[in-house]
Amino acid sequence: MQIQQNVSLRNLNTFGLESEARYFVEAKSVDELAVILTDKNWNNFPKFILGGGSNILLTKNIDALVIHPDIKGIEKIRENDDHVWLHVGAGEVWHDLVMYCVASQYAGIENLSLIPGTAGAAPMQNIGAYGVEIKDVIETVEAISITTAEVRVFTWEECRFGYRESIFKKELKDQYIITGVVYRLNKKPVFNIEYGDIKKTLQEMNVANVSLRTISNAVIHIRQSKLPDPAQIGNAGSFFKNPEIEKSQFELLKNSFPTVPGYAVGNDKIKVPAGWLIEQAGWKGYREGQIGVHERQALVLVNYGEGTGQDIKMLSEKIQDSVEHKFGIRLSAEVNFV
Ligand code: EPU
């Protein structure tokens with residue numbers, strides 16, 4: 001392992017933001033991670049873990065040892081008539097795993113096609129799309145402690161998954177590096193096509209037989225039509241979470257804004273699409289120099305090339321203030337600010 005100095009992180013974050021790591025090292029295995037984490041020379045030096053970089057906003061240089069885990073490998077570890085269990089290295093590209101599962105007829109993550117990021121980052125924020133969340137297919141998560149290099153296996157319950165949340169983003173924030181995940185996929189698929197535009201898109205694509213492949217293709221088609229490709233325009237997907245408000249607050253909102261959409265969450269909360277709130281506040285397609293709000297999805301902030309993390313942070317605060325002023329709802333960020 002080679003420790004480099006003053007390394008640009010621009011190609012390691014999907015926003016494409018410039019930020020320099022004072023020191024940088026890539027670890028290809030759990031053993032390599034353990035070596036770095038127990039190295040006496042780096043004992044008291046601050047460490048920063050940078051995974052797939054698909055959910056962060058880099059607002060400054062990182063004055064730390066940046067560790068970039070890149071552990072690969074997809075291995076079938078168990079199967080029965082109904083399920084197959086895959087052990088997946090945290091550094092596997094998420095969409096590659098989806099494509100592998102679709103080709104192998106393993107069901108469960110086809111609705112999560114084309115989400116940027118890695119298989120290891122996925123549980124961190126319980127990625128989700130089109131009616132499926134990653135928590136639905138996770139068996140266990142393996143991680144290594146940043147302070148002690150102790151390896152630990154987290155059960156599903158211990159991960160404490162919530163909407164775009166897990167223990168790794170909350171109580172154990174900055175304490176563990178996810179190194180691998182065991183996913184449990186279905187050999188007897190249950191298709192999940194009721195959500196959003198999937199059914200309509202399958203019809204438009206003249207699909208006669210619904211299959212993992214055709215669902216995946218439909219999701220790819222929907223995402224490509226709405227969401228910017230990070231390889232072309234820097235972004236981190238949804239910038240904010242969809243707020244969940246009390247039913248009573250939603251009713252009041254509906255009185256003033258009769259077209260406001262909302263989806264019930266449990267018995268007394270309503271989830272309101274942040275994209276709608278931001279669009280209604282007039283931000284959709286807004287551009288300010290090198291940054292802006294995507295023209296087809298108001299929940300996505302974009303970097304057209306030379307924007308900075310600070311610029312995006314300031315824009316996100318303006319959006320929060322304006323949405324709060326108009327609707328009385330304070331949006332909270334889904335991306336992690338650094
Ligand atoms: N909407 C607007 N204007 C917009 C965007 C959205 O009015 O510019 C309204 C529409 O009413 C639309 C509704 O918002 O029907 C929902 O929009 P969309 O289906 O695009 O989904 P979303 O709620 O904006 C969430 C996830 C996405 C995921 C999609 C599809 C969050 C924060 N985001 O977005 O996840 O792909 O659903 O399931 O929950 C991500 O987390 O990075 C991400 C991309």
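Heavy atoms only: backbone and side chains are in, while hydrogens, waters and symmetry mates are out.
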Q. By side-chain contact (heavy atoms from CB on, under 4.5 Å), which residues pair with Ser322, not counting sequence neighbours?
A. Ala281, Trp283

Q: Quick one: sort the Tyr195 and Tyr130 rings into parallel, tilted or perpendicular, breaks at 30° and 60°.
A: perpendicular

Q: Indicate the atoms forming the closest heavy-atom contact of Gly16 with Asn303, along with that distance.
A: O-ND2, 3.4 Å

Q) Should Phe161 and Ile115 be regarded as members of a common hydrophobic cluster, given that ILVMFWY residues are connected when their side-chain heavy atoms come within less than 4.5 Å of each other, either directly or indirectly? A) yes

Q. Would you call Lys247-Asp268 a salt bridge at under 4.0 Å N-O?
A. no

Q. Is the backbone N or O of Ala274 less than 3.5 Å from a side-chain atom of Asn242, with the two atoms forming a donor-acceptor pair by type?
A. yes

Q: With sequence neighbours left out, write down each residue that passes side-chain contact (heavy atoms from CB on, under 4.5 Å) with Glu334, or none if nothing qualifies.
A: Asn55, Gln125, Arg164, Ser238, Lys241

Q) Does Val300 share a hydrophobic cluster with Ile312, counting links as ILVMFWY side-chain heavy atoms below 4.5 Å and allowing steps through other members? A) no

Q) Hydrophobic clusters join Ile, Leu, Val, Met, Phe, Trp and Tyr when side-chain heavy atoms are under 4.5 Å apart, directly or via other members; which others share one with Val151? A) Met1, Ile3, Tyr23, Val25, Val30, Leu33, Val35, Ile36, Leu37, Trp42, Phe45, Ile49, Leu65, Ile67, Ile71, Ile144, Ile146, Ile177

Q) Any sub-3.5 Å donor-acceptor pair from Thr14's side-chain atoms to Asn235's backbone N or O? A) yes

Q. Cation over ring, Lys76 on Tyr106, under 6.0 Å and within 45°?
A. no

Q: Please tell me if the side chains of Tyr163 and Glu244 come closer than 4.5 Å, counting only heavy atoms from C-beta onward.
A: yes

Q: Decide whether Val335 and Met124 are clustered together by the hydrophobic rule: side chain heavy atoms of Ile, Leu, Val, Met, Phe, Trp, Tyr closer than 4.5 Å, transitively.
A: no

Q. With distance as the sole test, does Lys187 use its side chain to make a donor-acceptor pair with the main-chain N or O of Asn80 at under 3.5 Å?
A. yes

Q) Is it true that Glu246 and Lys269 have a side-chain N and a carboxylate O under 4.0 angstrom from each other? A) yes

Q. Do Val102 and Ile222 share a hydrophobic cluster, counting only Ile, Leu, Val, Met, Phe, Trp and Tyr and linking them when any side-chain heavy atoms are less than 4.5 Å apart?
A. yes

**Q.** Heavy-atom closest contact (Asn111 atom, Ile215 atom, distance)
**A.** OD1-CG2, 3.5 Å

Q. Between Asp39 and Asn41, what is the shortest heavy-atom contact and its length?
A. OD1-N, 2.9 Å

**Q.** Identified side-chain contact (heavy atoms from CB on, under 4.5 Å) counterpart of Phe24 within the set Gln5, Gln2, Gln4
**A.** Gln4

Q.
Would you say that more than 12 heavy atoms from the other residues, nucleotides or ligands in this model lie under 6.0 Å from the NZ of Lys200, or not?
A. no

Q.
Using only atom types and a distance under 3.5 Å, with no angle test, would you say the side chain of Ser216 pairs donor to acceptor with the backbone of Leu212?
A. no

Q) Can you name the nearest heavy-atom pair linking Pro116 to Pro230, along with the distance? A) CG-CG, 4.1 Å

Q) Has the side chain of Arg184 got a donor or acceptor atom that lies under 3.5 Å from a matching backbone atom of Asn186? A) no

(Q) Could you check whether Thr147 and Gln175, counting side-chain N and O atoms only, form a donor-acceptor pair closer than 3.5 Å? (A) no

Q: Going by the ring-ring contact (aromatic ring centres under 6.0 Å, His included) test, name the single residue among Trp85, Trp156, Trp94 that passes it with Tyr183.
A: Trp94

**Q.** Chi angles and distances behind the salt bridge (charged side-chain N to carboxylate O under 4.0 Å, His left out) call for Arg10, Glu306
**A.** CA-CA 11 Å; Arg10 191 167 189 154; Glu306 299 303 318; 3.2 Å; yes

Q.
Using modelled atom types and a 3.5 Å cut-off, is there a donor and acceptor pairing between side-chain atoms of Lys47 and backbone atoms of Ala64?
A. no

Q. Looking at side-chain heavy atoms only, is the closest gap between Glu142 and Val182 below 4.5 Å?
A. yes

Q) Does the side chain of Ser113 reach to within under 4.5 Å of the side chain of His95, using non-hydrogen atoms? A) yes

(Q) Please confirm whether the ring centroid of Tyr263 lies under 6.0 Å from the ring centroid of Trp276. (A) no

Q: For Glu26 and His68, indicate whether the former's side chain and the latter's backbone hold a donor-acceptor pair under 3.5 Å.
A: no

